[in-house]
**Q** 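Let me begin by handing over the structure; questions about it come next.
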Amino acid sequence: MPPPLTNHPILSSLNDAQRRAVSSDAATVAILAGPGSGKTHTLTSRVVWLIDHVGYRPEDVIVATFTVKAARKMKERIGKALGHGREKKIVLGNFHSIARRYLAAYGRKIGINQKFGIADDGDSRSIISRICKRKEVTLDPVAVRAWISKKKAKGDEVDAKPPGKKAAKTAGEKDLEECYDEYQAHLKNSNLLDFDDLLVRCVELLREFPSCVSNIQTVLIDEYQDTNGIQYELMKLFAQRHKRITIVGDPDQSIYGWRSAEIQNLWRMLKDFPGTDEISLEQNYRSSDAILRLSLLVIQQDKKRYQKALKPVHGRGSRPVLRRLKSASAEADWIVSEIRRVIIMSGSMLTFNDVAILLRSASLSRHIESALGKSGIAYRMVGGKKFYERLEIKAILDYLRVIYQPENNDALARIINVPKRGVGDVTIKSLLEEAEGSSLSVWAILTKHCRGDRTAKTKIPKPMEQRIAAGLIRPMDNIRRKMEEAAKPDGATFGLVDMIEQLLAGLNFQKHLQDTHPDDHEQRWANLEEFVTLAGDFVRDLNESIEDDLLPEIEGLEQSKEDEVLPRFLANVSLASDVQTGENEENKPMVTISTIHAAKGLEWPIVFVPAVYNGSIPHMRSDDNDEERRLLYVAMTRAQSLLYLSCPLFSTNGNGERNQLSSFVEPMHRAFATKGPCFDRPVMLEIAKVLGRTLPPEDEVFKALPSMFNPEDSLFPVDPEESKEVSVGGTEGRTSNDAPRAKRPRLSNKSSGQNGAEDAQWHRDYTTTMEGASSFTVSALPGFVSAGAHQAAITAANAAAEARQKAEQVKKLANRRALDQKSILGFVKSTSSSTADSTPLPSSRSSLPAQTGFAPPQVTANPGQQPIPPSLATHKPAKGTLLSRPSRPAPAPNEMPKGKAYPCFSSSPVKPDIKQDPDEEDDEPPPEPTRVAACLHSTTFTKPTLLSVGKGAGGLTRPSPVGRVGKTPIAPIDRLRKPFKPLTIKRQ
DNA sequence: TCATGCCAAGTTTTT
DNA sequence: CTTGGCATGA
């Protein structure tokens with residue numbers, strides 16, 4: 001008999017459904033949590049509840065997330081709620097790192113050498129491509145790798161193979177099998193496990209030796225929709241003793257299918273654990289109503305998905321924008337101008353920190369980075385190139401790996417000629433083959449050869465031998481010797497940092513960089529210095545046991561102790577997609593550029609999603625359109641207040657090819673505004689309300705406006721076609737590269753008319769005059785709503801009344817599934833067993849209401865689940881200006897807690913109210929261009945140029961490191977790893 | 001025979 | 001801006 005629920009403090013910050021999820025007594029709990037519904041908050045609260053209230057020991061709880069970032073955030077939040085540093089004892093991490101921990105501790109039991117290393121992406125690739133090359137049949141290494149990884153990730157090969165199966169195999173499959181076996185043998189020789197192996201072997205371990213997890217009372221899984229088969233197995237095995245599992249996930253946000261994530265796992269779970277308590281969290285605390293509606297419109301095109309509501313807590317907000325631009329660079333320039341405009345119009349209530357630009361692929365960042373750089377806006381790039389993948393860093397890492405694992409032939413092969421030692425491909429290949437043929441590692445062959453103990457079969461000319469001996473073997477031996485000395489009780493300390501520094505010195509690496517990269521050796525060297533400080537941070541954290549990843553002792557089970565720093569550092573590097581984000585001491589506001597994948601779980605007040613065209617999203621190389629759509633949905637639902645999608649009309653690379661608006665938004669493109677909103681007082685006040693911030697007084701905002709500032713989004717034509725003089729024919733085939741296209745659109749005569757012909761591409765054949773009219777009238781007069789929209793509002797109001805009635809009825813059961821909402825299990829069963837749609841949605845085109853403005857999303861298709869919020873019911877078209885916009889009726893207090901009640905919701909750090917002195921931005925729009933480029937992406941970083949630094953428009957096509965310290969360029973450290981931390985390097 | 005330098009071509013998402 | 005292929009020189 002648990003005490004009354006309401007008394008526990010952890011429950012006070014939760015809504016009904018969340019509270020039920022947190023305090024559920026069921027052994028297995030499935031929490032279905034839409035975006036912004038407080039998923040993480042709920043999960044952390046449940047952890048705290050299970051420990052504090054139910055009484056499990058922290059060390060008997062496993063919390064598995066999908067990414068390192070999520071794990072870290074989770075740990076931090078649990079720590080805050082739990083206190084006493086007890087969160088450190090929880091077995092918490094992403095799947096891979098938890099599996100690695102178990103294998104390090106108990107891997108011996110299943111024959112894993114305790115000193116195993118982790119084969120990262122590059123390792124796997126090079127091993128496989130070598131195997132493929134050796135075969136007579138030409139196999140695509142990439143495909144082979146994907147096949148192998150899929151095979152491992154599926155995890156269901158536990159079922160004994162039927163003996164006759166071999167015969168049925170096609171020749172291709174046999175080749176693949178062979179590659180698989182060779183690959184595994186190779187990994188074994190080098191004592192490596194690849195990412196999938198970590199999971200596969202851990203499953204093996206826990207299956208054979210359940211005692212390793214005999215202490216585990218309960219298991220919690222975050223982002224469950226991203227688990228794959230093997231992770232599902234692992235989850236079950238973690239929980240095998242007591243079978244208490246809590247999962248949190250959202251099928252709509254499953255974007256890792258390409259990594260074998262299986263949405264079906266949700267169904268598997270419900271089937272495998274019949275008593276599972278299903279709870280939906282449908283309140284959205286993040287985004288404005290308008291953003292949610294459009295996001296829902298997008299995701300609802302997927303007719304097979306599990307229907308789930310998204311109930312707004314906030315007011316309507318401004319209409320999301322779908323902007324058409326001429327080219328990618330115009331798009332980037334527009335984004336910059338729009339960022340500026342918002343921030344200035346907000347009187348600096350909003351800062352660069354509040355802005356995110358989310359991309360389908362990292363390569364899209366080029367133009368945007370350059371535009372941001374040009375105008376002196378600092379930014380950080382998340383995703384894309386990784387710090388540890390930089391050439392110079394990778395080389396040093398490979399050296400470290402060889403020091404730790406001399407038998408790692410692949411790592412050695414990569415560095416044997418870095419710096420140049422006159423060893424070429426042929427020699428390397430020969431060495432590798434010799435190593436495979438004998439029982440010796442390449443390292444052993446080399447050392448023996450140089451010592452004269454054994455002559456290598458590979459031909460090694462004298463000069464080469466000498467360079468290897470002096471340049472490679474000697475410095476490495478020196479380091480190993482020092483390590484051994486340090487291991488002795490009275491030995492001088494020789495830490496990781498010493499090791500790296502010694503290595504850099506012994507290899508004369510700085511000189512090597514100067515020789516091989518004369519243009520940017522300084523940056524690369526700076527990267528290495530940063531790497532040294534990173535290593536230092538890691539060691540320090542380890543000593544302060546911030547990174548406490550030891551497993552609890554279990555009676556009668558002996559653990560291998562992992563006391564060495566080096567292996568843990570290497571594992572950390574391989575498994576971590578990002579290094580811990582240090583606190584932003586300097587607090588320099590930066591715009592975030594991120595891939596959509598990397599943005600999952602995060603939120604920003606202002607979100608831009610550029611390149612919304614077919615080929616980008618959905619990506620041309622993707623074969624799962626539904627997943628691509630979900631990706632767009634994830635991107636859109638990151639936004640709190642302002643959401644901008646944009647689409648360049650012409651692609652930049654393929655000579656003037658036309659881009660086609662993404663088919664995900666094409667059907668509802670009229671629900672978007674065609675340009676950025678007018679940021680008058682009411683709009684800004686609403687933004688402030690959603691964000692829980694205070695808007696500076698109007699006169700202050702006004703005073704801070706730079707002269708010549710354009711308060712509207714009118715610098716770029718709403719219809720970029722108009723600036724093209726030769727657009728008469730408009731035939732698709734015409735690809736001649738006419739020069740005028742590259743010109744910036746003229747700002748004057750922007751209001752020149754648009755005509756139906758130009759609209760045709762976007763509005764299609766069903767365009768009516770009325771619609772056409774509204775589309776430009778609305779954009780010309782922000783705030784004016786067309787009659788069509790009014791009509792929509794009235795229908796919506798009726799629907800809303802009905803919906804509300806229904807909502808009243810089911811309110812008592814709000815925590816459970818709505819009455820007419822099927823169980824997930826039922827849903828999956830019905831869709832998988834029958835072809836008929838259980839909830840048929842009209843085809844998106846015909847279902848689109850003929851009106852512009854906000855169409856209630858699929859009201860008829862989904863009665864009772866999409867209650868129209870009161871805001872729309874009472875909405876009246878404003879008259880002329882937004883000033884008369886009716887304020888939103890107060891939400892029912894019990895149902896709609898204000899933002900303050902959920903202080904922990906935001907995934908991003910709590911943003912302080914900005915109290916900048918207003919006189920700061922008196923004359924020029926560009927904020928003082930200090931160190932722009934602290935985070936410059938290496939791809940866009942060029943040599944510092946002094947021209948045009950203050951101008952911002954001096955014809956630079958790439959960001960220049962504007963506020964450099966002294967005369968040295970700032971290193972283009974990829975701030976993915978340490979987004980906020982200022983450079984720690986001291987340069988002379 | 002092999003190392004090296006030059007030129008050309010392509011570029012999803014991540015543990 | 002990195003990788004792969006080719007020609008040249010040792």
Side-chain angles (χ1 to χ4, degrees), chain A residues 64-71 93-100 118-126 129 142 146 149 152-153 193-199 223 226-228 230-231 254-261 358-366 382-386 388-391 394 416-417 420-430 458-461 463-464 467 515-517 519-520 571-578 594-600 611 615-624 627-628 630-632 634-635 653-654 937-942 958 972 976:
Chain A
T65 65
F66 205 62
T67 63
V68 179
K69 206 161 46 172
N94 54 332
F95 271 104
H96 294 267
S97 81
I98 294 178
R100 192 203 66 86
I118 295 169
D120 62 27
D121 209 49
D123 296 324
S124 304
R125 240 181 317 160
S126 66
S129 65
V142 183
S149 174
K152 288 180 179 175
L193 298 179
D194 71 12
F195 287 134
D196 300 309
D197 281 338
L198 288 176
L199 306 174
E223 304 281 14
D226 291 329
T227 54
N228 58 29
I230 195 78
Q231 286 165 332
S254 165
I255 53 177
Y256 283 96
W258 50 277
R259 246 176 62 184
S260 315
L358 305 183
L359 309 166
R360 168 67 247 257
S361 33
S363 54
L364 292 167
S365 69
R366 294 181 130 270
V382 184
K385 223 143 291 128
K386 297 185 174 63
Y388 293 129
E389 269 158 31
R390 297 180 131 77
L391 242 45
K394 235 178 126 27
I416 194 165
N417 203 30
K420 294 230 177 314
R421 303 189 180 95
V423 186
D425 293 340
V426 183
T427 311
I428 291 171
K429 208 174 153 200
S430 162
T458 306
K459 218 165 59 179
I460 301 178
M464 191 197 284
R467 292 170 90 178
D515 294 344
T516 50
H517 303 276
D519 292 339
D520 57 354
N572 191 59
V573 167
S574 310
L575 290 178
S577 73
D578 61 350
S594 170
T595 59
I596 300 175
H597 282 90
K600 197 168 68 159
S616 171
I617 187 162
H619 197 273
M620 59 215 219
R621 293 183 61 171
S622 156
D623 41 24
D624 185 349
E627 178 153 315
E628 297 288 310
R630 278 180 245 126
L631 208 44
L632 180 61
V634 168
N653 46 353
H937 205 263
S938 73
T939 55
T940 50
F941 190 92
T942 44
R958 309 213 155 174
L976 157 63

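Side chains are part of it too, since the values below use all heavy atoms of this structure and drop only hydrogens, waters and symmetry mates. To find a chain, count down the sequence lines: A is the first, B the second, and so on, and within it residues start at 1.
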**Q** Taking A:Asn417 for the side chain and A:Gly422 for the main chain, is one N or O donor matched with an acceptor at less than 3.5 Å?
**A**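 At least one qualifying donor-acceptor pair exists.
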
**Q** Considering every strand and a 4.0 Å limit on heavy-atom distances, what is the contact class for A:Tyr256: base, sugar-phosphate, or nothing?
**A**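 Sugar-phosphate: the residue A:Tyr256, judged by heavy atoms under 4.0 Å, touches backbone atoms but no base.
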
**Q** Of all the choices, B:dT15, B:dT12, B:dT14, which nucleotide is nearest to the side chain of A:Ser361 once you look at every atom?
**A**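 Of the candidates, B:dT12 comes closest.
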
**Q** Mind checking whether A:Leu198 and A:Leu575 have side chains closer than 4.5 Å, heavy atoms only?
**A**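 Answer yes - side chains close enough.
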
**Q** Test of understanding: with side-chain contact (heavy atoms from CB on, under 4.5 Å), list the residues that count as partners of A:Asp121, not counting sequence neighbours.
**A**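 Counting only residues at least two positions away or on another chain, A:Asp121 forms a side-chain contact (heavy atoms from CB on, under 4.5 Å) with A:Arg125, A:Arg145.
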
**Q** Under the 5.5 Å and 30° test, is A:His619 stacked on the base of B:dT12?
**A**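 Yes, aromatic ring over the base.
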
**Q** So, A:Asp196 versus A:Ser149: side-chain donor-acceptor pair below 3.5 Å or not?
**A**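 Present: a donor and an acceptor within the cut-off.
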
**Q** Given B:dT13, B:dT15, B:dT11, identify the nucleotide with an atom nearest to the side chain of A:Arg621.
**A**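 Minimum distance to the A:Arg621 side chain belongs to B:dT11.
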
**Q** Treat primed atoms plus P, OP1 and OP2 as sugar-phosphate and everything else as base, then score nucleotides 2-8 of chain B 5' to 3': B for base contact with protein heavy atoms under 4.0 Å, S for sugar-phosphate contact only, - for none.
**A** SSS----

**Q** So with a 6.0 Å cut-off around CG of A:Asp515, is the heavy-atom count from everything else above 12?
**A**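 Correct, the count exceeds 12.
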
**Q** Just to verify, what does A:Phe95 make a ring pair (Phe, Tyr, Trp, His ring centres under 6.0 Å) with, not counting sequence neighbours?
**A**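 Counting only residues at least two positions away or on another chain, A:Phe95 forms no ring pair (Phe, Tyr, Trp, His ring centres under 6.0 Å).
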
**Q** Would you please confirm or rule out a distance under 4.0 Å between OP1 or OP2 of B:dT14 and any side-chain N or O of A:Thr67?
**A**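 No, because none of the side-chain N or O atoms of A:Thr67 sits under 4.0 Å from OP1 or OP2 of B:dT14.
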
**Q** Planes under 30° and centres closer than 5.5 Å, is that true for A:Trp258 with the base of B:dT13?
**A**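 Given the distance and angle limits, yes, they stack.
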
**Q** Indicate whether OP1 or OP2 belonging to B:dT14 is found under 4.0 Å from a side-chain N or O atom of A:Arg259.
**A**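 So the side chain of A:Arg259 is outside the cut-off, no N or O lying under 4.0 Å from OP1 or OP2 of B:dT14.
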
